[in-house]
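Below, chains carry the letters A, B, ... as their sequence lines are ordered, and counting in each starts from 1. Given the structure is predicted, the values throughout are model-derived calculations rather than measurements.
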2 protein chains.
Amino acid sequence: MARHGDTRQKIVEAADTLFYEQGVGASSFADIAGAVGLSRGNFYHHFQSKDAILEAVIERRLTRTREMLAQWQRDGGTPRDRIVSFVQMLIANRAKIMAFGCPVGTLSTELAKLDHIAAPRAAEVFTLFLDWLEAQFQAAGFVPDRARALAHHAMMLAQGIATLAAAFKDETQLRQDVDDFTGWLDETLSSKG
Amino acid sequence: MARHGDTRQKIVEAADTLFYEQGVGASSFADIAGAVGLSRGNFYHHFQSKDAILEAVIERRLTRTREMLAQWQRDGGTPRDRIVSFVQMLIANRAKIMAFGCPVGTLSTELAKLDHIAAPRAAEVFTLFLDWLEAQFQAAGFVPDRARALAHHAMMLAQGIATLAAAFKDETQLRQDVDDFTGWLDETLSSKG
DNA sequence: ACAAAATTAGGACAATCATCCTAGATTCGT
DNA sequence: ACGAATCTAGGATGATTGTCCTAATTTTGT
């Protein structure tokens, strides 16, 4: 049993959750240690600094996002179905979205405010989604430029939905917004396909 | 000269800026004191706690938003012009938007994550914009329910634009997004007359 | 089974945090 | 002009922060 990697992974998982639910700035070493069940001083065997943990959390999110998108690709279905599964994340995770917002958008915004060195890396999670969405719209028959613009628009809508869901915590509205997104998607696709 | 109110207002202004640019959690008393040019210990004559400053900052934002919306109303023009001036805020404040995101959305999200007692109050700034936007769409001839939905959609778009602008800091894209917003607005309005 | 390496707990560290207190300075009502 | 109220600076407080060190324990390679 690889104890090292095991503990390290537990730390990253706990930090990931805390960074999402409280924000990076509000999550201390003591918080993470408490969540994992380790002593604070022991952390420096696994990570040299808090920024190193943040970096690992971002890498984890990048990897998991890539895996999720690859899985959606393997799941088959039409490009339309895949884009719907993208926006359906907001419904599946509605409790967390309404409590803490979108994990991608809120981390990106927090790091942008702090002018943190990892901010561009965190924004790459957005890029993964954008590239994937662009591929879906291209598969649906749109030329690259138009597919890129539609991917950006879809991402914008998702971020707007999540931000307002966190502000008002209105599940009915959230579901309506996702329905409207799907409506926009079908209109857009039918105009081309 | 009302010195008391004067210093108090200076504190609130400095705190407002810092809360926006760094986040509430990352802004300390020392930061605010430094920005105003006062000593830290002196603060408690004006505010009993950091939460009291936050409360005053939110009140200030509510008041200023109300004033701005009332001014736009007085400025005349069509409902379409007024809604355009709403989204044009993203262009006018583009440097700050790309650096720190939307002040309304980011404060709301940060307080939501902390489950802060002032979170609902901060969300009321959203409500001011939503009510005002709803009034514009009603003035443009939409029935109340439809006007409310369009106001919500406009707010969603603005939040999505600001979030992606902060993540990617792409001014060209930001301007394109605002143009697209205006295009959507004109399409929507022309469909109703 | 034993030496080397990895992992742990716990405490020390200086810095910073929000908060509070005291004592001097300034302003104001009269 | 004088007493009262207000405002100010600076330091003290205890808690918490990120970081680091040391000494013990556990695991691993052989």
The complete set of salt bridge (charged side-chain N to carboxylate O under 4.0 Å, His left out) pairs with one or both residues in residues 16-26 of chain B, sequence neighbours excluded, reads B/Asp16-B/Arg60, B/Asp16-B/Arg61, B/Glu21-B/Lys96
What's the closest nucleotide to the side chain of B/Thr7 if the choices are D/dT8, D/dT19, C/dT8?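 Nearest nucleotide to the side chain: D/dT8.
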Nearest whole angstrom, please: distance from the [atom2] of [N] to the [atom1] of [X].
X       : N      : atom1 : atom2 : result
B/His46 : D/dA5  : NE2   : P     : 18 Å
A/Ile11 : D/dG18 : CD1   : P     : 14 Å
A/Phe47 : C/dT7  : CZ    : P     : 12 Å
B/Lys50 : C/dT16 : NZ    : P     : 15 Å
B/Asp6  : C/dT26 : CG    : C1'   : 15 Å

Here the ring-ring contact (aromatic ring centres under 6.0 Å, His included) pairs for residues 143-163 of chain B, sequence neighbours left out, are B/His153-B/Trp184
Lys/Arg-Asp/Glu bridge criterion (N-O < 4.0 Å) met for A/Lys113, A/Glu110:
no
Polar atoms only, N or O, under 3.5 Å: list the protein pairs with nucleotides 21-23 of chain C and their distances.
| unit_1 | atom_1 | unit_2 | atom_2 | d |
| --- | --- | --- | --- | --- |
| C/dC21 | N4 | B/Gly41 | O | 3.3 |

B/Gln159 meets the side chain to side chain donor-acceptor pair (under 3.5 Å) criterion, sequence neighbours left out, with none
- Task: Check side chain to side chain donor-acceptor pair (under 3.5 Å) between B/Gln138 and all other residues, then give those that pass, not counting sequence neighbours.
- Result: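 Here no residue qualifies.
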(Q) Restricting to salt bridge (charged side-chain N to carboxylate O under 4.0 Å, His left out), what partner residues turn up for A/Arg94, sequence neighbours left out? (A)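 A/Arg94 satisfies salt bridge (charged side-chain N to carboxylate O under 4.0 Å, His left out) with A/Glu171 only.
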A/Tyr20 meets the ring pair (Phe, Tyr, Trp, His ring centres under 6.0 Å) criterion, sequence neighbours left out, with A/Phe100
Sorted by number, residues from residues 21-40 of chain A placing a heavy atom under 4.0 Å from DNA chain C are A/Leu38, A/Ser39
- side-chain contact (heavy atoms from CB on, under 4.5 Å) involving A/Ser39 - partner list, sequence neighbours excluded: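 With sequence neighbours excluded, A/Ser39 shows a side-chain contact (heavy atoms from CB on, under 4.5 Å) to A/Asn42, given in chain and number order.
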